[in-house]
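All remarks here apply to the structure that follows.
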Amino acid sequence: MWIKDVRDYIIYEDKEILVCHKPAGIAVQSAGVGNMDLESLLKNYIARKQQGKMPYLGVIHRLDQPVEGVVVFALNPKAAAALNRQMTSGQIRKTYLAVTAGDLPGKEGELEDWLKKDGRTNTSRAVKEGTEGAKKAMLYWKLLETKETVDEMRSLLEIRLETGRHHQIRVQMANAGMPLVGDRKYNPEKTGQEPLCLCSAALEIRHPLTGKKMQFRVRPAGEGFKAFDMEGYVDKK
């Protein structure tokens, strides 16, 4: 994906933090030779504003390249340290929106699995507890809305993570029989050319300097979300 002007994706900025709506298709950092990433774009943006100074941008957390949503960056080492403490202590809360294919086992639920990452294929899978290298993964999901399409039932879900594992939402939902629409890694049999329907739609932090609680929300731009009524969820305060 090509971003013409990164300022179009900045939703909040002060002297301590910068908050973006990362679009799907761009990596947060280290996209590889010839591919621009969000970190580089933002560093270039900061450098233009602070000519003569080396730009500082602290990456606090990441989203997978095909996932869109809210990402917060620190603009100085002190803010980075404070936000990293919040991250490791579980004080930073992320709420995701996802569109799943097929029937659901209810209106809400909790998933608990043990996941093991395969670095060679950049995938994770659910394994038995006690498997070497496996890590416990937990999430909660809640049904917001359903839509019947020509060939399947689709559901808009709110998902809250209790742990942060590699491809956690995608793996756990597929393993539970609720694969995400557009997921070519974990739902390849039913996936055409649709983009992955997963968005980190809300982020809650405490400001690293003032301690004030701050919440940022974005409206998913993905094609698969357009069939659903997002007004009540995304625009609520």
Side-chain angles (χ1 to χ4, degrees), residues 1 22-40 59-71 87-88 90 92 94-105 109-141 151-201 203 220-225:
M1 178 180 178
K22 184 191 91 67
I26 187 169
V28 171
Q29 61 180 167
S30 303
V33 178
N35 294 312
M36 186 57 73
D37 55 74
L38 189 58
E39 179 187 25
S40 299
V59 178
I60 307 303
H61 62 110
R62 297 166 183 81
L63 294 176
D64 294 339
Q65 188 163 333
V67 180
E68 65 169 308
V70 189
V71 183
M87 180 63 70
T88 55
I92 293 182
K94 291 188 281 186
T95 303
Y96 289 80
L97 293 177
V99 179
T100 64
D103 296 327
L104 301 180
E110 176 183 344
L111 298 180
E112 181 178 316
D113 296 286
W114 288 83
L115 304 185
K116 184 172 183 178
K117 181 180 178 180
D118 185 340
R120 294 172 300 175
T121 60
N122 191 32
T123 59
S124 290
R125 59 190 175 92
V127 296
K128 291 182 179 179
E129 182 178 351
T131 300
E132 184 179 358
K135 296 181 179 180
K136 189 176 182 179
M138 293 181 62
L139 64 78
Y140 300 91
W141 63 270
D151 54 357
E152 65 184 357
M153 185 69 75
R154 292 189 174 185
S155 303
L156 175 67
L157 305 184
E158 175 185 294
I159 298 175
R160 293 183 182 272
L161 292 177
E162 288 298 308
T163 54
R165 308 301 180 207
H166 178 254
H167 291 176
Q168 180 179 337
I169 293 175
R170 299 163 67 182
V171 178
Q172 285 197 277
M173 298 304 289
N175 187 60
M178 300 179 284
L180 302 193
V181 170
D183 195 339
R184 278 176 274 283
K185 277 186 182 286
Y186 302 104
N187 186 29
E189 297 172 0
K190 290 189 176 182
T191 298
Q193 296 304 310
E194 288 182 277
L196 177 66
C197 291
L198 182 60
C199 175
S200 179
L203 179 75
E223 191 66 31
F225 290 98

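As a basis for the values below, the full set of heavy atoms in this structure was taken, side chains included, without hydrogen atoms, waters or symmetry mates. Just so it is clear, the model here is predicted, and its values are computed rather than measured.
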Quiz item: Would one find more than 12 heavy atoms of other residues, nucleotides or ligands at under 6.0 Å from atom NZ of K116?
Solution: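 More than 12 heavy atoms, drawn from other residues, nucleotides or ligands, come within 6.0 Å of this atom.
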
Quiz item: Between Q172 and W141, is a side chain to side chain contact (heavy atoms under 4.5 Å, CB included) present by the stated rule, with each step listed?
Solution: CA-CA 11 Å; Q172 285 197 277; W141 63 270; over 6 Å; no

Please tabulate, for the side chains in residues 130-137, all donor-acceptor contacts under 3.5 angstrom to protein atoms that are two or more places apart in sequence or on a different chain.
from	atom 1	to	atom 2	distance (Å)
T131	OG1	K128	O	2.6

Under-4.0 Å salt bridge between [X] and [Y]:
X	Y	value
R170	D64	yes
R160	E162	no
D118	R120	yes

Self-check item: Criterion side chain to side chain contact (heavy atoms under 4.5 Å, CB included) against H166, the qualifying member of V171, N122, L115
Solution: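 Per the side chain to side chain contact (heavy atoms under 4.5 Å, CB included) rule, the option paired with H166 is N122, out of V171, N122, L115.
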
Quiz item: How would you list, by chain and number, every residue that makes a side-chain hydrogen bond (donor to acceptor under 3.5 Å, both in side chains) with D103, sequence neighbours excluded?
Solution: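 Residues passing side-chain hydrogen bond (donor to acceptor under 3.5 Å, both in side chains) with D103: none at all.
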
If we only count heavy atoms from C-beta on, is the [X] to [Y] side-chain gap below 4.5 Å?
X	Y	result
N175	R125	no
I92	L203	yes
L196	V67	yes

Self-check item: V70 versus L63, closest heavy-atom pair with distance
Solution: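 So the minimum-distance heavy-atom pair works out to O-CD1, 4.1 Å.
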
Quiz prompt | Nearest heavy atoms of A174 and Y186, plus distance in Å | solution =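 Reported closest heavy-atom pair: CB-O, 3.7 Å.
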
Practice problem: Could you walk me through whether R165 and D113 pass side chain to side chain contact (heavy atoms under 4.5 Å, CB included), step by step? | Solution: CA-CA 11 Å; R165 308 301 180 207; D113 296 286; over 6 Å; no

Exercise. Show your reasoning for whether side chain to side chain contact (heavy atoms under 4.5 Å, CB included) applies to M153 and L104.
Key: CA-CA 9 Å; M153 185 69 75; L104 301 180; over 6 Å; no

Self-check item: Short side-chain to backbone donor-acceptor contact, E68 and G222, under 3.5 Å
Solution: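 Between the backbone of G222 and the side chain of E68 there is a qualifying donor-acceptor contact (under 3.5 Å).
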
Practice problem: Verify side chain to side chain donor-acceptor pair (under 3.5 Å) between E158 and T95, making sure each step is shown before the conclusion. | Solution: CA-CA 7 Å; E158 175 185 294; T95 303; 5.5 Å; no

Practice problem: Show the numbers, then the answer: is there a side chain to side chain contact (heavy atoms under 4.5 Å, CB included) between Q29 and R62? | Solution: CA-CA 8 Å; Q29 61 180 167; R62 297 166 183 81; 2.4 Å; yes

